[in-house]
Amino acid sequence: MIQNAEKALLQSGPSHENAVGAEGTVEQIARPVPVQTSGRTEFAARCPKCRDWHRHVALGRKTAPCGAVYTLEFKGAA
């Protein structure tokens, strides 16, 4: 897939961060942006792996279409 050159300009602040899990593993956390569609609320997040936007219908542990695994949660939600 060809990435649009304008997507790199959409840096609106920190959209992901790393957290150390209980076993000492590093877990990637993506910060969602709520998107209201006509039928439901979805959550868009910038992927920590491919830096593209992925949309999800719920928060929690997610596997993105690019294969990245991350936790989708709001800041301060833990």
Could you give the distance from CD (E42) to CD (Q36), rounded to the nearest 0.5 Å?
-> 9.0 Å
Tell me, do H54 and R46 make a side-chain contact under 4.5 Å, heavy atoms counted?
-> no
P32 and F74, any side-chain heavy atoms less than 4.5 Å apart | yes
Could you tell me the separation between the SG atom of C66 and the CZ atom of R51, rounded to the nearest 0.5 Å?
-> 11.5 Å
Using a distance-only test with no angle check, is there a side-chain donor-acceptor pair under 3.5 angstrom linking E27 and T71?
-> yes
Minimal heavy-atom distance between V69 and Q28, with the atoms involved, is O-OE1, 4.3 Å
State plainly whether one hydrophobic cluster holds both F43 and V35, where clusters connect Ile, Leu, Val, Met, Phe, Trp and Tyr through side-chain heavy atoms under 4.5 angstrom apart.
-> no
Identify every side-chain donor-acceptor pair in residues 56-65 under 3.5 Å, counting partners at least two apart or on other chains, and give the distances.
| unit_1 | atom_1 | unit_2 | atom_2 | d |
| --- | --- | --- | --- | --- |
| H56 | NE2 | Y70 | OH | 2.8 |
| K62 | NZ | A58 | O | 3.2 |

